[in-house]
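Here is the structure we will look at, set down as structure tokens.
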Amino acid sequence: MGFGKGCHLHLIDGSAFIFRAYHALPPLTRKSDGLPIGAVSGFCNMLQRYIEDNAGPDAPTHVAVIFDHSGKSFRNDLYDQYKANRPPAPEDLKPQFPLTRDATRAFNIACKEIEGFEADDIIATLACQARAASGRCTIISSDKDLMQLVGDGVEMLDAMKNKRIDREGVIEKFGVGPERVVDVQALAGDSVDNVPGAPGIGIKTAALLINEYGSLEDLLDRAEEIKQPKRRQTLIEKRDQIELSKQLVQLDCDMALDFTLDDLEVQDADPEKLLGFLAEMELRTLIKRAADKLGVEAPSLPEPALAAAEDASAAEDIPFDAAKYEWVKDRAALDRWIAAIYKRGYVAVDTETNSLDEMVAELAGICLSVEPGEACYIPVGHKKGASDDLFGGEELQEDQLPLTEVLDALQPMLEDPAILKIFQNAKYDCKVFANYKIAVTPVDDTMLLSYALHAGEHNHGMDALSERYLNHQPIPIKTLIGSGKSMITFDKVAIADALPYAAEDADITLRLWQLFKPKLHRRQVSTVYETLERPLVPVLAQMERYGIKVDRDTLSRMSNAFAQKMAGLEAEIHELAGQEFNVGSPKQLGEILFDKLELPGGKKGKTGAYATGVDILEDLATEHALPGLVLDWRQLSKLKSTYTDALQTHINAETGRVHTSYVQTGANTGRLSSTDPNLQNIPVRSEEGRRIREAFVAEEGKALISLDYSQVELRILAHIADIDALKEAFRDGRDIHAMTASEVFGVPLDEMTSEIRRRAKAINFGVIYGVSGFGLARNLRIPRGEAQDFINRYFERFPGIRTYMDDTKEFAKTHGYVQTLFGRKIHTPEINAKGPRASFAYRAAINAPIQGTAADIIRRAMIRMPEAIKDLPAKMLLQVHDELIFEVEDSAVDATIAAAREVMQGATEPAIKLDVPLIVDAGRGANWAEAH
DNA sequence: AAATTCACG
DNA sequence: GACGTACGTGAATTTC
């Protein structure tokens, strides 16, 4: 068929596909020889998806992928600086360029590039030919340089956003129609391609001028008429540069091609060619997908490749089948499973209980799996519903082995050092077993494997991991126990219903383990997992089980005092407002402040509600008495509801202590988080809040001690960024903020004021977070320009910090992650996004190695701590990021401080020798307020 | 369930 | 040239 009316040509911007694929994916290598193939893999995925998405009635009749030819183009002859500030392609991308051409041909799609021309010119020429032949053309690209081609049957399609760009879309972007796009571009220039344009004129101004004068030529001819003197001068003086810019952005629609549109006709796929290529690249998942679409059998990979193929396991092909899950009802079946476990050497285990609180949880059943697709459930505590009779709630369901018999049979296996027990979130299950005096060891944990491998990429809950890596959606727990008020506990579920859910969890855990464990080496995080994750599990479990004693009476008295004060404040507030309203409602408060009292400081937020945060109320406090009272009320309300009231409900009836739960995967940086209750945010900054710490007490005859790292993150910054001045200051034990102030502001140390020191402190902390002038200005409540000056001077004085930031950003952009000193990888998938998301990712990437290294250090200390204090009457109870809290008999306070301090100060060694000393401060007392 | 606010390092 | 603007968390409360 010759190309003509009714025909539809698709032109794919190949280079855009390659770069998008490269940056969107983590570095991926071919397993058999380590060849980098991340971009090729992503490129093939995009082509496959393109083909699947374009099979319908509007399918193209002709298609080609157009590439840039390597080397210079004719534009470099026009202007030697054209695209001169483009960084060279990353080393691991270069070998992939020819492979993407091979991939295109393997998909049986025409593949074109021409020496001395850019892909955009070939696309332009073909689009014009298609238009001349009365056919349609769709350009699959979002490159704004191609927008000049739109119109008259030519459209663009942004494949990522699946958004078509027509004439209207171009006008939206450039403010002019496609025929004037080059004029606007010539004026505005392009920093990415290094097109100079007219200095000081951007797209907005350019569109305004072009629309007023009709065309670039008319504008330049009549430049004398322009009113703004600066703009007039620019256009007159830079005429040559602007005309050159137009030549650079103008695409060549009239290239001589050695092929015609007819050569681009869509061809049927050649399964052998395509699958052969994908097999050569060892892209397992894509082979299956492509074979499925083609309706042919997927070829098997060569054996070594199969064994190692990334993100694919033997388990992937084994279906999930609830019929293969076994209900263990008798002793013979249980013994059979135990024998199978000993034969295999490892087993995936999951426990079902009647509570999410491990301190009180009782076993409902145990699941085991040693082979993907096969699992069993051993119910031991399922009870009949309470509906039958008064005692029904305690009566056991049928066909369950006695709990003690099951535990006696399993205990030797669970404690056998030769048998590896695999869990998803091992800490929970180990604590449950600990309730039955069973010490499970050794243990692997798929949640922690995922965290070591994928921190920052996604969460590590089992449901999410299963969907992502096994392509399988587990049975939602809601279908068994319901949700909200009518929720029941798992031990009340009928065993027949519980079986498929529970056994599946062990099955999934085993499959995830088979997938993740070999990846530790390939991603080089084995040491992270083995030294920072795995050994921490028993340490945290022990701390949680000890808990910390909290005095209910103290909290209760404080609650009452807060309630009284709040009532008084509330009356005053209503008085001042002239009406009653809910002080706790930001919405109602906003209306009182800004509508009724007409205080300055209008709306904010996307919901249209007034913002009434502490910053705003503090500013308003100078205008009116009410905001200050609200702030006082809020502080009390927070203290009462979150602390003095809520903490009481967390006191364990049996132990009289509060048992928090640490989430080891809680923060992407390696920090822990603490929940139910969160004991990492107990008030300390305000005098009234700090008194809540008086309720955290030591037992009679014991004391609480607290040891915290002094300015650990700044020390790490000094080491990582290699700032001599900072390192020396730390080595000499000087006041680091005063030192910074004197360096940055030029004030001698003996003339230092607290205000200047405070500013330096804010800058020191800001730097760790990637602060902007705007942010520092807001924090210090100083003019923005002044804040920017501070920051500039800071970087001038400590240029190494700027270098660290630039290097970190560059590393994140090429690798997709950043690293701590101990090799922990924190992924930064958004670093190559554009807009504000990239800014957030950039600041997070700067902060992560610092915060993460600090987290690694205290983890190392915690892991060594039990051994260091084993002969002392002391227990480690809490961790608050840079602080550890112990309970110790009065007689051993000094010895414990000495032992713990030594472990903490030496925690980096022998792996790392820091250039700065780590200093640990210590306190002691009958309660946490005194100890801190 | 989302948004807002505020407690901590 | 515009846009947003300091990192990492968890919990309580109000609003939709």
Side-chain angles (χ1 to χ4, degrees), chain A residues 188-189 191 197 200-207 456 484 582-590 604-617 630-631 634-643 645-647 650 660-663 665-686 689-690 692-693 708-709 711-713 762-780 784 787-788 791 826 834-852 854-855 858 879-883 932:
Chain A
S191 58
I201 294 182
I203 288 185
K204 289 279 153 70
T205 312
N582 182 355
V583 184
S585 161
K587 185 166 176 261
Q588 293 178 37
L589 175 66
K604 252 198 189 172
K606 39 201 167 243
T607 54
Y610 290 115
T612 66
V614 61
D615 284 359
I616 292 182
L617 293 193
V630 172
L631 283 173
R634 277 198 185 156
Q635 192 198 9
L636 296 173
S637 166
K638 181 82 176 181
L639 295 176
K640 181 171 188 293
S641 68
T642 309
Y643 299 103
D645 286 353
L647 267 178
H650 285 285
T660 184
S661 192
Y662 290 102
V663 186
T665 59
N668 289 335
T669 52
R671 272 196 181 177
L672 305 177
S673 73
S674 158
T675 66
D676 306 302
N678 180 356
L679 296 186
Q680 292 183 321
N681 70 346
I682 302 302
V684 67
R685 290 173 189 169
S686 76
R690 188 154 54 234
I692 289 171
R693 295 187 172 218
D708 69 289
Y709 284 108
Q711 297 174 345
V712 62
E713 294 195 352
I763 299 176
N764 273 334
F765 279 105
V767 162
I768 294 176
Y769 303 144
V771 74
S772 65
F774 181 93
L776 184 66
R778 192 179 46 182
N779 191 291
L780 286 177
R784 186 176 159 177
Q788 191 59 56
I791 293 175
I826 297 121
K834 40 191 213 167
R837 291 156 70 118
S839 312
F840 279 113
Y842 164 60
R843 293 191 299 265
I846 286 174
N847 177 255
I850 301 168
Q851 189 183 115
I858 198 166
Q879 187 249 44
V880 192
H881 308 308
D882 63 0
E883 173 186 15
H932 186 78

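In what follows, every chain begins at residue 1, and chains take the letters A, B, ... in the order their sequences are listed.
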Legend entry - Any donor-acceptor N/O pair under 3.5 Å between dT9(C) base and S673(A) side chain: no
Inset, instruction - Using atom types as modelled and distance alone, determine if a side-chain donor or acceptor of R843(A) lies under 3.5 Å from a backbone N or O of V771(A). - result: no
Legend entry - Euclidean distance, atom CD1 of residue I858(A) to atom C1' of dT9(C) [Å, nearest integer]: 15 Å
Inset, instruction - Report the residue (G584(A) or R784(A)) whose heavy-atom-nearest nucleotide on DNA chain C is the more 5′ of the two. - result: R784(A)
Inset, instruction - Classify the nucleic acid contact of V767(A) as base, sugar-phosphate or nothing, counting any heavy atom under 4.0 Å across all strands shown. - result: nothing
Inset, instruction - Mind calculating the distance between CG (D645(A)) and P (dA12(C)) to the nearest angstrom? - result: 10 Å
Inset, instruction - Kindly say whether N678(A) contributes a backbone atom to a donor-acceptor pair with the side chain of T660(A) at under 3.5 angstrom? - result: no
Inset, instruction - Report yes or no: does Y662(A) contribute a side-chain atom to a donor-acceptor pair with the main-chain N or O of Q879(A) at less than 3.5 Å? - result: yes
Legend entry - N847(A), nearest nucleotide to its side chain (from dC7(C), dG9(B), dC6(B)): dC7(C)
Inset, instruction - Take the protein atom NE2 of H650(A) and the nucleotide atom P of dA11(C), then report the distance between them rounded to whole Å. - result: 7 Å
Legend entry - Integer-rounded Å distance: dA11(C) C1' and Q680(A) CD: 13 Å
Legend entry - Euclidean distance, atom OH of residue Y643(A) to atom P of dG10(C) [Å, nearest integer]: 13 Å
Legend entry - Minimum-distance nucleotide to P586(A) side chain [options: dT14(C), dA11(C), dC8(B)]: dT14(C)
Legend entry - Backbone of Q851(A) reached by a side-chain donor or acceptor of R671(A) within 3.5 Å: no
Inset, instruction - Return the 5'-most residue of the pair P836(A), S585(A) with respect to DNA chain C, ranking by each residue's nearest nucleotide. - result: P836(A)
Inset, instruction - May I ask which nucleotide in the shown strands pairs with dT13(C), Watson-Crick or G-U wobble, both distances under 3.5 Å? - result: dA3(B)
Inset, instruction - Would you indicate what L672(A) reaches in the nucleic acid, counting non-hydrogen atoms under 4.0 angstrom: base, sugar-phosphate, or nothing? - result: nothing
Legend entry - Atom-to-atom span, CG of N668(A) to P of dT9(C) - whole angstrom: 5 Å
Legend entry - For Y643(A) against I692(A), the heavy-atom pair lying closest together: CB-CD1, 3.6 Å
Inset, instruction - Provide, to the nearest angstrom, the distance between the CZ atom belonging to F840(A) and the P atom belonging to dG8(C). - result: 9 Å
Inset, instruction - Would you kindly check whether a donor in the side chain of R843(A) faces an acceptor in the base of dG4(C), or vice versa, at under 3.5 angstrom? - result: no
Inset, instruction - Would you mind classifying the nucleic acid contact of A207(A) as base, sugar-phosphate or nothing, using non-hydrogen atoms under 4.0 angstrom? - result: nothing
Inset, instruction - Select base, sugar-phosphate, or nothing to describe what S839(A) touches, counting heavy atoms under 4.0 Å on all strands. - result: nothing
Inset, instruction - With the side chain of K587(A) defined as its heavy atoms from C-beta on, choose the nearest nucleotide among dT15(C), dC8(B), dG10(C). - result: dT15(C)
Inset, instruction - Starting from C1' on dT15(C), measure out to OH on Y610(A) and report it in whole angstrom. - result: 17 Å
